[in-house]
Amino acid sequence: MNILILGAGGREHTLAWKLKQSPKLSKLFVAPGNAGTAAIATNLAIGVNDFEAIKNAVVSEKINMVIVGPEDPLVNGVHDFFLNDEILKIIPVIGPQKAAATLEGSKDFAKEFMMRHNIPTAAYQSFTSETLEKGYQFLETLKPPYVLKADGLAAGKGVLILKDLQEAKDELKEMLVGAKFGSASTTVVIEEFLDGIELSVFVLTDGKNYKVLPTAKDYKRIGEGDTGLNTGGMGAISPVPFANKEFMDKIHDNVILPTVEGLKKDNLPYKGFIFIGLIKVNNSPKVIEYNVRLGDPETEVVIPRIKNDLLEVFEAVANQTLDQIDLQLDERTATTVMAVSGGYPEAYEKGIEITGFDKIDDATVFHAGTTLKNNAVVTAGGRVLAVTAFGVDFKEALKKSYENMEKIQFDKMYYRKDLGFDL
Ligand code: AMP
Ligand code: GLY
């Protein structure tokens with residue numbers, strides 16, 4: 001089979017690396033890809049939201065299946081575009097249709113979905129500029145810290161957590177009236193603050209059946225001890241040590257099952273990954289968000305732990321025969337550490353040469369923001385690359401990730417050295 005992966009990050013390099021191992025694979029394409037995917041697949045210079053160009057590539061390269069990495073094209077309806085096209089409608093797309101992708105595209109929609117299906121989540125109310133005064137009143141009923149969420153996609157920056165009531169009111173006004181996050185903050189969800197430890201659960205569904213994939217925990221803040229600005233993710237660990245059988249059973253019964261059943265009841269066709277962000281509060285899981293894709297860098301630890309032929313698994317998603325797949329997981333722990341450009345998540349330079357790939361031993365480097373320049377690998381983004389390793393526990397795996405990270409070099413490189421500090 002010829003496969004096209006949409007996206008350009010560590011998640012897409014990991015998917016490409018895994019699919020490359022399938023005996024069923026003929027040609028692999030990534031659009032637009034990075035220097036890592038260029039080494040194992042053919043990169044196509046096409047943006048993930050350029051559906052016409054994607055169509056042309058699918059036809060000319062005889063693509064048999066498309067795997068969508070990021071949320072944007074899903075929320076923009078890339079799957080629907082395929083289904084509505086006479087030529088493309090027979091090509092399976094891994095990733096939900098637009099209606100279900102709204103679970104990530106609108107926080108308000110996701111909250112209503114959770115309410116409707118009795119899925120545990122933080123208490124909330126939604127507001128627009130017309131109901132700003134009511135928003136102030138609602139904030140006054142809550143205890144600090146205050147959680148404000150832009151309803152729409154805001155590249156992971158749309159959530160504000162504020163300690164001070166007046167500051168929360170000012171920010172609410174900035175979001176609703178000042179369009180702080182553009183049209184993404186036309187509606188704002190104000191939520192009860194949940195105090196606990198976070199983890200993520202990944203589910204793959206074909207719309208009828210589902211498989212629970214490994215859990216993962218990512219580290220979002222730039223600074224050690226979870227301080228400083230939020231990033232796309234500075235590293236991840238899978239499985240999450242505190243997600244024991246008892247807790248996973250609760251997640252399954254109270255969250256996963258009602259989510260998959262809810263999609264069916266609401267007539268939201270879904271063939272793809274569901275990424276459920278959870279907080280453990282008093283030993284109970286509460287949902288903080290749905291994403292309609294895999295996480296990054298969570299993919300860099302979740303996918304390597306799946307032993308099955310991933311292409312076979314995706315075929316089962318397309319054919320709605322996921323129940324016939326016997327999912328085999330690597331029992332070991334996988335960790336990944338992300339190296340970023342100096343200055344990230346604020347301003348940083350690009351185009352800096354990266355060296356040391358040849359010295360990597362017993363670990364895998366997944367490229368994120370990299371590109372090729374005169375045959376050299378250079379930085380092309382804030383998050384540059386992730387080093388994944390395995391161990392009997394997260395400490396052993398991290399030791400290997402860090403030992404290998406030390407062999408990689410680029411000017412102003414930075415990575416957190418304290419992953420797992422909270423476990
Ligand atoms: P989200 O984009 O919804 O994942 O939110 C980004 C981050 O904000 C999450 O990873 C949490 O760390 C935090 N967060 C979101 N909602 C809440 C909440 N209700 N209580 C506490 N922290 C939250
Ligand atoms: N690592 C968080 C995300 O992919 O959204």
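Since we're looking at a predicted model, the values are computed, not measured. Remember, it's 1-based here, ligands and their atoms both numbered in the order they're listed. The residues of the chain are indexed from 1 along the displayed sequence.
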Charged N to carboxylate O under 4.0 angstrom, D393 versus R332?
no
Salt-bridged, E140 to K169, with N to O below 4.0 Å?
yes
NZ/NE/NH1/NH2 to OD/OE distance under 4.0 Å, K24 and E315
yes
Is_contact(atom 18 (C) of ligand 1), protein non-hydrogen, under 4.0 Å:
yes
Counting from 1, what ligand 2 atoms have a heavy atom of G232 closer than 4.0 Å?
1 (N), 2 (C)
Identity and distance of the protein heavy atom lying nearest atom 16 (N) of ligand 1
K149 NZ, 3.0 Å
For the ring pair H252 and F247, is the centre-to-centre distance below 6.0 Å?
no
Ionic contact status for E300 with R11, cut-off 4.0 Å
no
Using heavy atoms and a 4.0 Å limit, tell me yes or no: is K286 in contact with ligand 1?
no
Purely on distance, is any nitrogen or oxygen of L294 under 3.5 Å from one on ligand 2?
no
Do any N/O atoms on V159 end up under 3.5 angstrom from N/O atoms on ligand 1?
no
Of the choices K157, E198, K107, R221, which has the non-hydrogen atom that lies closest to atom 11 (C) of ligand 1?
E198
Residue among R416, R221, K220 satisfying salt bridge (charged side-chain N to carboxylate O under 4.0 Å, His left out) with D226:
R416
Taking N or O atoms only and a 3.5 Å limit, does R293 qualify as a polar contact for ligand 2?
yes
At under 4.0 Å between heavy atoms, which part of E298 makes contact with ligand 2: side chain, backbone, both or neither?
side chain
Go through ligand 2 atom by atom and flag the ones less than 4.0 Å from a non-hydrogen atom of D218.
1 (N), 2 (C)
Quick one: sort the F51 and F81 rings into parallel, tilted or perpendicular, breaks at 30° and 60°.
tilted
Fit a plane to each ring of Y290 and F113, take the angle between them on a 0 to 90° scale, and name the class: parallel (under 30°), tilted (30 to 60°) or perpendicular (over 60°).
perpendicular
Heavy-atom distances under 4.0 Å are what count here, so tell me which part of I161 touches ligand 1: side chain, backbone, both or neither.
side chain
Where ligand 2 meets F275 - atom numbers and elements under 4.0 angstrom, heavy-atom basis:
3 (C), 4 (O), 5 (O)
Any atoms of ligand 2 less than 4.0 Å from a non-hydrogen atom of G295? List them with their elements.
4 (O)
Would you kindly check if the NZ (Lys) or CZ (Arg) of K400 is within the cone defined by 45 degrees around the ring axis of Y402 and under 6.0 Å from the six-membered ring centre?
no
For ligand 2, is there an atom lying under 4.0 Å from some heavy atom of G233?
no
Does E349 come within less than 4.0 Å of K412, counting only side-chain N to carboxylate O?
yes
Quick check on D195 - does any of its heavy atoms sit under 4.0 Å from an atom of ligand 1?
no
